[in-house]
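Below: the structure, in structure tokens.
Ligands are counted one by one from 1 in listed order, and the atoms in each one are counted from 1 as well. This structure is a prediction, so every number in the text was calculated from the model and none was measured.
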Amino acid sequence: MVAAGHTYAQPNKSISASLGKIRFDFMLDEVGKPAYSVSYGTKLAIKKSYLGFALADDSAFYKGFKLLSTDRKQADENWTPVWGEVSSIRNHYEQVTVHLQQLMGQQRLLNIVFRVFEDGVGFRYEFPEQENLNYFIVTKEYTEFALPTDAKAFWIPGDYDSNEYAYSTTKVSQIDNQKIVNSSGDIAVRVVPDRYSVQTPLMLKSDNGLYINIHEAALLNYSSMQLHVDRSKFKLTSSLVPDAVGNMAYLHAPCHTPWRTIIVSDKATDILSSKMILNLNDPSKVENTSWVKPMKFVGVWWEMQIGKSTWSYAKSMNNVDAQGNLIPSGQHGANTANVKRYIDFATKNNIQGVLVEGWNTGWEDWFGNWKENVFDFVTPYPDFDVPELTRYAKSKGVSMIMHNETSGSATNYERQLDTAYRFMNKYGYPAVKTGYVGKIIPRGEHHDGQWMVNHYVRVAQKAADHQVMLDAHEPVRPTGLQRTYPNWMASEAGRGNEYNAFSEGNLPEHETILPFTRLMGGPMDYTPGIFKLKGYSTVPSRQVHTTLAKQLALYVTMYSPLQMVADLPENYDAHPDAFQFIKDVAVDWDDTRILEAEPGDYVTIARKAKGKNNWYVGGITDEQPRTATINFNFLPKNQTFNLTIYEDGKDSSFNINPESYNIRKMKITSKTIIKEKIAPGGGFALSIELN
Ligand code: NOJ
Ligand code: CA
């Protein structure tokens with residue numbers, strides 16, 4: 001319906017912007033509903049898709065708009081990340097802001113800002129300051145992403161509290177959380193609130209040959225966007241994670257939503273080299289970042305994951321002596337002598353950090369009990385000598401990494417943040433790994449809702465105030481905020497290598513999908529580097545579904561500036577020649593080249609170490625063997641390099657002899673091209689040093 005005296009001028013007339021092959025069109029339809037579409041060259045990537053909201057006091061904040069005015073803006077600049085995959089990033093875009101006003105009712109204002117890059121589009125909603133909109137509640141966001149045809153999707157279910165899923169690969173028309181089919185044909189059922197919902201980053205490959213990645217950038221003071229799937233229309237609609245009473249976001253104008261992002265190309269490699277999500281985030285809020293230093297680290301960690309030792313000091317809470325003190329079980333991993341062993345190993349192998357989990361009291365009864373005050377983050381168990389370990393680590397030139405498991409009790413953690421971070425400063429811990437296992441307290445809040453989104457950012461800010469680097473486990477998946485908080489270096493926020501310890505494990509394809517999905521938003525603490533791939537668990541059927549060489553390759557293909565060297569020291573000591581690659585590989589880069597990639601099948605990436613002439617290459621495949629082609633034309637001309645190849649043994653696959661590998665050396669120049677055979681579930685790693 002149209003208010004008397006008003007007409008919608010020129011319905012469906014588009015306002016467009018384009019850059020390179022990307023073009024976007026914005027329009028208002030005949031009833032004043034805002035919509036957009038995106039194309040790549042002559043191909044349609046997103047067809048006409050509607051935009052808008054329901055607010056608590058206006059269920060129709062998606063129609064009846066007229067266009068007030070349009071602003072345009074361009075930028076083409078370069079910026080330098082504190083750390084990253086490349087040392088300089090080009091931010092080149094064309095921006096259009098459409099200023100809209102509702103014709104009826106409260107005549108509210110809404111702006112929609114579109115930024116068109118050469119690799120995709122970002123858009124967000126702005127709620128300008130206005131009399132009739134002050135504090136308000138979003139009850140629904142209606143942003144659509146309508147695909148022109150059925151597309152292949154790499155997806156995980158729309159769970160509000162976990163992103164630790166294996167990926168399903170199906171057509172959009174077949175997405176169903178009650179029928180999750182993975183590449184080994186297993187069918188699982190997931191009970192999530194919406195049977196037809198998926199999480200982002202969502203990777204799509206359309207029938208017209210386009211690769212499309214849908215996600216969001218700069219998720220601040222808003223809830224995470226999941227997507228509801230209309231299977232017959234191939235249409236995805238924003239489905240925000242609710243709070244405890246079912247509202248989606250509490251806002252105060254002037255304000256804006258996060259950016260909704262669509263990265264598009266006809267080449268899969270372009271998706272992996274896109275910097276659009278980082279470009280849509282604000283520059284660093286941390287002024288002095290000289291203390292933010294990428295590093296590798298070992299940890300008293302895998303030994304607990306595989307059941308060799310425990311996080312807890314006593315067997316259970318009930319094992320107490322007459323004075324009420326816990327009786328040690330003799331299984332406690334975080335004891336001073338054992339930690340010193342890891343410090344020695346780190347020093348010997350030039351690894352900068354040592355993470356220790358299970359050092360503070362509370363682990364006897366932390367899991368799944370939904371209790372508020374399990375941990376205090378400053379009280380060590382009796383066998384963990386903090387001052388002595390501080391002294392010892394310092395004398396060996398190694399950094400200790402703090403562990404703060406909150407067991408989902410974010411309220412408890414917030415109350416103790418100052419105490420916890422002062423403790424880290426006092427004992428010289430430059431980094432912390434946080435964790436949010438279990439249900440969130442405050443009750444009813446979700447890991448991915450607005451309340452927790454704000455919590456993770458508060459923690460990153462607090463850590464920055466104390467000059468502490470952060471690695472968050474079980475948070476909402478990243479959206480490029482590492483640009484704004486460069487000390488928030490990594491997150492788990494996905495299904496890591498640890499699933500090989502406590503479940504039947506990750507399939508060989510898993511690591512070929514993650515770069516296109518989870519890692520689009522930021523670095524992942526995947527914890528690579530497992531060398532003992534079978535027989536490590538008390539459950540004999542458990543195994544890591546990769547070869548050893550593939551574990552090496554992950555140091556390059558799974559980008560993180562905090563990279564764990566996850567296996568036990570003794571398992572590395574058994575393969576010193578292969579371990580050499582982990583010792584050598586960099587964690588911060590000047591340049592990155594995506595050499596070959598196809599989601600779900602294979603990835604080969606070359607990276608140049610920051611400030612050095614050395615390059616490292618990682619190549620991985622799924623359960624299929626393949627031959628990778630590496631053209632060294634990315635190397636500077638007229639120079640000879642020493643190449644070391646770490647490759648799968650001739651007899652190896654993820655199933656049979658996964659620990660068999662071969663190392664060989666040769667001389668190469670920028671003119672060299674090699675073919676590298678990869679075993680099923682295998683990979684290879686190359687180290688390239690100037691002669
Ligand atoms: C789950 C984390 O992913 C893992 O790394 C950690 O060891 C446990 N929680 C205990 O905090
Ligand atoms: Ca986890």
Side-chain angles (χ1 to χ4, degrees), residues 156 159-166 199 297-313 331-334 338-339 342 353-371 374-377 380-381 384 401-410 412-413 420 431-440 446-448 452 456 459 470-478 489-503 505-506 510 514 518-519 522-530 536-537 544 558 560 562-568:
I156 56 173
D159 187 324
Y160 299 157
D161 287 291
S162 177
N163 29 44
E164 300 187 359
Y165 285 94
Q199 299 193 39
F297 64 100
V298 291
V300 180
W301 179 74
W302 188 245
E303 58 177 80
M304 280 93 91
Q305 295 286 347
I306 60 175
K308 234 186 126 220
S309 68
T310 59
W311 280 271
S312 65
Y313 176 72
Q331 297 293 122
H332 184 219
N338 194 33
V339 174
Y342 280 83
V354 177
L355 164 76
V356 185
E357 296 196 3
W359 68 277
N360 59 331
T361 57
W363 289 89
E364 283 72 23
D365 188 27
W366 74 284
F367 194 80
N369 288 327
W370 209 8
K371 277 196 205 145
V374 176
F375 293 114
D376 73 5
F377 316 103
Y381 280 123
F384 185 84
I401 301 179
M402 173 52 65
H403 186 227
N404 285 175
E405 172 59 63
T406 68
S407 62
S409 182
N412 180 45
Y413 194 41
V432 62
K433 169 178 169 180
T434 56
Y436 296 89
V437 171
K439 286 197 181 178
I440 297 298
H446 293 293
H447 281 76
D448 294 358
M452 283 302 288
Y456 306 124
V459 172
L470 173 65
D471 168 16
H473 275 232
E474 296 88 30
V476 67
R477 78 283 186 273
M489 298 177 85
S491 295
E492 183 191 38
R495 189 178 165 100
N497 228 353
E498 65 183 31
Y499 275 77
N500 295 306
F502 53 67
S503 77
N506 298 337
H510 190 56
L514 283 169
R518 161 65 185 77
L519 277 92
M524 178 170 184
D525 185 17
Y526 187 71
T527 72
I530 302 303
Y536 53 82
S537 168
V544 180
M558 280 306 197
S560 180
L562 287 183
Q563 198 70 282
M564 191 168 197
V565 179
D567 210 338
L568 310 177

Euclidean distance, [Y] [atom2] relative to [X] [atom1], rounded to 0.5 Å:
X: Met564; Y: Trp301; atom1: CE; atom2: CH2; result: 5.5 Å
X: Thr527; Y: Glu498; atom1: OG1; atom2: CD; result: 6.5 Å
X: Ser503; Y: Arg495; atom1: OG; atom2: CZ; result: 4.5 Å
X: Ile530; Y: Gln305; atom1: CD1; atom2: CD; result: 9.5 Å
X: His332; Y: Ser312; atom1: NE2; atom2: OG; result: 7.0 Å

Students should be able to answer this: which protein heavy-atom is nearest to [atom], and at what distance?
atom: atom 1 (C) of ligand 1; result: Glu474 OE2, 3.1 Å
atom: atom 9 (N) of ligand 1; result: Val437 CG2, 3.4 Å
atom: atom 11 (O) of ligand 1; result: Glu405 OE1, 2.6 Å
atom: atom 6 (C) of ligand 1; result: Glu357 OE1, 3.3 Å
atom: atom 4 (C) of ligand 1; result: Glu498 OE1, 3.3 Å

With heavy-atom distances below 4.0 Å as the criterion, list the atoms of ligand 1 near [X].
X: His403; result: 11 (O)
X: Glu492; result: 3 (O)
X: Trp301; result: 4 (C), 5 (O), 6 (C), 7 (O)

Would you call the rings of Phe375 and Trp363 parallel, tilted or perpendicular, where under 30° means parallel and over 60° means perpendicular? tilted
What's the verdict on side-chain contact (heavy atoms from CB on, under 4.5 Å) for Phe377 and Asn412, showing C-alpha distance, side-chain angles and the deciding distance? CA-CA 10 Å; Phe377 316 103; Asn412 180 45; 4.0 Å; yes
Counting heavy atoms only, which of Lys433, Glu164, His473 is nearest atom 2 (C) of ligand 1? His473
Considering residues, nucleotides and ligands other than Phe367, do more than 12 of their heavy atoms fall under 6.0 Å from its CZ? no
Cut-off 3.5 Å, side chains only: do Thr310 and Gln331 have a donor facing an acceptor? no
Lys433 bridged to Glu357 by N-O distance under 4.0 Å: yes
Purely on distance, is any nitrogen or oxygen of Trp363 under 3.5 Å from one on ligand 1? no
Can a non-hydrogen atom of Tyr499 be found less than 4.0 Å from any atom of ligand 1? no
Would you call Met304 a ligand 1 contact, heavy-atom distance under 4.0 Å? no
Among the N/O/S atoms of [X], which is closest to the Ca ion (ligand 2)? Give the atom name.
X: Glu164; value: OE2
X: Glu474; value: OE2
X: Glu498; value: OE2

